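Quick note: numbers below take in every heavy atom, side chains included, and nothing from hydrogens, waters or symmetry partners. Numbered from 1 within each chain, the chains take letters A, B, ... in sequence-line order. Values in this document were obtained by computation on a predicted structure and should not be read as measured data.
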Amino acid sequence: GESVGLHLPTLSVQEGDNSIINCAYSNSASDYFIWYKQESGKGPQFIIDIRSNMDKRQGQRVTVLLNKTVKHLSLQIAATQPGDSAVYFCAEIPYNNNDMRFGAGTRLTVKP
Amino acid sequence: DTGVSQDPRHKITKRGQNVTFRCDPISEHNRLYWYRQTLGQGPEFLTYFQNEAQLEKSRLLSDRFSAERPKGSFSTLEIQRTEQGDSAMYLCASSLGLAGTYEQYFGPGTRLTVT
């Protein structure tokens with residue numbers, strides 16, 4: 001069936017390096033994508049979103065890239081900090097729908 | 001702190017007991033969502049409300065589960081005759097509900113352990 005998934009379950013980077021977290025989706029009807037960060041014992045926290053009519057969106061230290069041709073979404077974190085250590089989820093919402101689907105998540109560990 | 005609160009934060013119960021969780025969304029948010037999250041997985045959609053109306057329910061929401069939002073503000077999620085497979089984190093989220101806005105703000109969750 002159609003689903004949101006992730007390429008890697010874990011990612012370890014050195015403090016100060018850039019991080020790239022990937023996500024694959026298969027629902028071509030998805031209209032809206034969100035990246036969430038979840039720290040241990042907390043609910044998911046919104047990081048950045050992108051609509052399907054965009055290829056790139058930048059926030060503070062984060063950039064989301066959307067490649068609709070290959071149905072791929074990525075989150076780039078610049079100058080990764082220890083506070084960025086968490087599980088990152090991508091989520092998709094089909095057009096005119098409220099059913100947000102999450103992938104399994106990637107655990108990012110930042111080494112000092 | 002997103003402004004969404006959930007109570008209790010942790011609940012341990014014996015199999016067969018009923019449990020009820022509460023969610024207080026951000027006050028001006030019209031939409032309220034419930035999700036379930038198991039270890040290592042992303043949240044799974046259970047149901048959502050537009051004001052007091054329950055508009056969508058996932059097939060994951062068995063007949064032992066019931067959710068209410070009687071006055072369009074706080075919501076409760078009740079699980080009857082709990083089973084060990086119900087052990088999970090139950091997350092609540094809220095959103096403005098305006099056309100074209102999808103951002104959901106999550107609460108800290110209620111962790112349920114069924115023994």
Asker: Taking all non-hydrogen atoms of both residues, which atom of A:Tyr32 and which atom of B:Glu103 are closest, and how far apart?
Answerer: OH-N, 4.1 Å

Asker: Side chain, backbone, both or neither: which part of B:Glu44 has a heavy atom under 4.5 Å from chain A?
Answerer: neither

Asker: Might you point out which heavy atoms bring B:Tyr35 and A:Met100 nearest each other, and give the distance in Å?
Answerer: OH-CE, 3.5 Å

Asker: Let me check something: do B:Phe65 and B:Tyr48 share a hydrophobic cluster, defined by ILVMFWY side-chain heavy atoms less than 4.5 Å apart, either directly or through other members?
Answerer: no

Asker: Check each atom of A:Gln38 against the heavy atoms of chain B and say whether the ones under 4.5 Å are side chain, backbone, both or neither.
Answerer: side chain

Asker: Quick one: do B:Ile79 and B:Val114 end up in the same hydrophobic cluster if we chain Ile, Leu, Val, Met, Phe, Trp and Tyr together by side-chain heavy atoms under 4.5 Å apart?
Answerer: yes

Asker: How far apart are the closest heavy atoms of B:Gln37 and A:Phe89, and which atoms are they?
Answerer: NE2-CZ, 3.4 Å

Asker: Distance-only check: which donor-acceptor pairs under 3.5 Å involve side-chain atoms of residues 12-23 of chain B, not counting sequence neighbours?
Answerer:
| from | atom 1 | to | atom 2 | distance (Å) |
| --- | --- | --- | --- | --- |
| B:Asn18 | OD1 | B:Arg81 | N | 2.8 |
| B:Arg22 | NE | B:Asp24 | OD1 | 2.7 |
| B:Arg22 | NH2 | B:Asp24 | OD2 | 3.0 |

Asker: Spell out, yes or no, whether A:Val64 and A:Val62 are grouped together once hydrophobic residues are joined by side-chain heavy atoms under 4.5 Å, including indirect joins.
Answerer: yes

Asker: Atom NZ of residue position A:Lys68 - does it have more than 12 heavy atoms of other residues, nucleotides or ligands inside 6.0 Å?
Answerer: yes

Asker: Would you say the ring centroid of A:Phe102 lies under 6.0 angstrom from that of B:Phe45?
Answerer: no

Asker: Can you check whether A:Gly41's main-chain N or O pairs, donor with acceptor, with B:Arg111's side chain at less than 3.5 Å?
Answerer: no

Asker: Does B:Glu52 have more than 12 heavy atoms from other residues, nucleotides or ligands lying within 6.0 Å of its CD?
Answerer: yes

Asker: Using a 6.0 Å cut-off, check whether atom CD of A:Gln60 has over 12 heavy atoms from anything other than its own residue.
Answerer: no

Asker: After noting the C-alpha distance and the side-chain angles of B:Gln104 and A:Tyr36, does the key distance pass the side chain to side chain contact (heavy atoms under 4.5 Å, CB included) rule?
Answerer: CA-CA 10 Å; B:Gln104 297 181 20; A:Tyr36 280 94; 3.7 Å; yes

Asker: Provide the closest heavy-atom pair for A:Gly43 versus B:Leu91 in the form atom of the first, atom of the second, distance.
Answerer: CA-CD2, 3.9 Å

